[in-house]
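Data block below; observations after.
What you see below is based on every heavy atom in this structure, not just the backbone, and it leaves out hydrogens, waters and symmetry mates.
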Amino acid sequence: MTSLFQEKVFKIVAKIPKGETMTYKRVALFAGKPRAYRAVGNILNKNADPKIPCHRVMRSDGKIGGYNRGAEIKESLLKKEGVVIRNRKIVH
DNA sequence: CGTATGACGTGCA
DNA sequence: GTGCACGCCATAC
């Protein structure tokens with residue numbers, strides 16, 4: 001399954017600095033397919049590698065969204081990294 | 001190869 | 001500000 005899109009997505013997500021967050025749309029845009037934000041979430045969902053900080057990827061609305069290990073874990077990790085969350089939403 | 005699904009996004013009521 | 005419907009792309013079956 002070494003699709004180019006998936007590889008790009010992983011690479012981009014892995015480059016997200018600690019304490020920073022990126023939206024699915026932004027990742028898809030960096031991957032070269034600004035309309036593939038859906039596919040980005042799908043790929044991350046089916047691959048969920050512990051090496052990939054996919055918990056730093058959220059929705060454009062600032063919502064936490066989902067996580068393979070549970071959205072609660074995702075929120076906890078973000079908070080731990082210094083991300084300020086307000087009502088389950090990222091304070092940008 | 002065609003249909004269905006999903007960690008989404010935007011628009012409109 | 002909230003909720004619903006449509007659209008969009010890559011995978012899975």
Phosphate contact ([N] OP1 or OP2) by [X] side-chain N/O below 4.0 Å:
X	N	value
A:Ser3	C:dT11	yes
A:Arg59	B:dG9	yes
A:Lys46	C:dA12	no

- Message: Would the base of B:dA7 count as contacting A:Asn42 through its side chain, where contact means a donor and an acceptor less than 3.5 Å apart?
- Response: no
- Measure distances between side-chain N and O atoms of A:Tyr24 and base N and O atoms of B:dA7, and say whether any donor-acceptor pair falls under 3.5 Å. yes
- Query: For A:Ala39, which contact category applies under a 4.0 Å heavy-atom criterion: base, sugar-phosphate, or nothing?
  - Reply: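 Base contact.
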Whole-Å distance between [N] [atom2] and [X] [atom1]?
X	N	atom1	atom2	result
A:Ile73	B:dA7	CD1	P	17 Å
A:Lys25	C:dG7	NZ	C1'	13 Å
A:Leu78	B:dA7	CG	P	17 Å
A:Gln6	C:dC9	CD	P	19 Å
A:Asp61	B:dA7	CG	C1'	13 Å
A:Ile43	C:dC8	CD1	C1'	14 Å
A:Arg26	B:dG9	CZ	P	13 Å
A:Asn87	C:dG1	CG	C1'	12 Å

Atom [atom1] of [X] and atom [atom2] of [Y]: how far apart are they, to the nearest 0.5 Å?
X	Y	atom1	atom2	answer
A:Met58	A:Ile90	CE	CD1	4.5 Å
A:Asp61	A:Arg88	CG	CZ	15.5 Å
A:Thr2	A:Phe10	OG1	CZ	11.5 Å
A:Thr21	A:Ile16	OG1	CD1	8.0 Å

Per [X] side chain, nearest of listed nucleotides [options]:
X	options	answer
A:Arg35	B:dA7, C:dC8, C:dA10	C:dC8
A:Asn45	B:dG6, B:dG9, C:dA10	B:dG6
A:Leu44	C:dG7, B:dA7, C:dA10	B:dA7

- Query: Pick the nucleotide of DNA chain C nearest each of A:Val40 and A:Tyr37; which residue has the one closer to the 5' end?
  - Reply: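 Checking each residue's closest nucleotide, the 5'-ward one belongs to A:Tyr37.
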- For the residue pair A:Glu81 and A:His55, confirm or rule out a side-chain donor-acceptor distance under 3.5 Å. yes
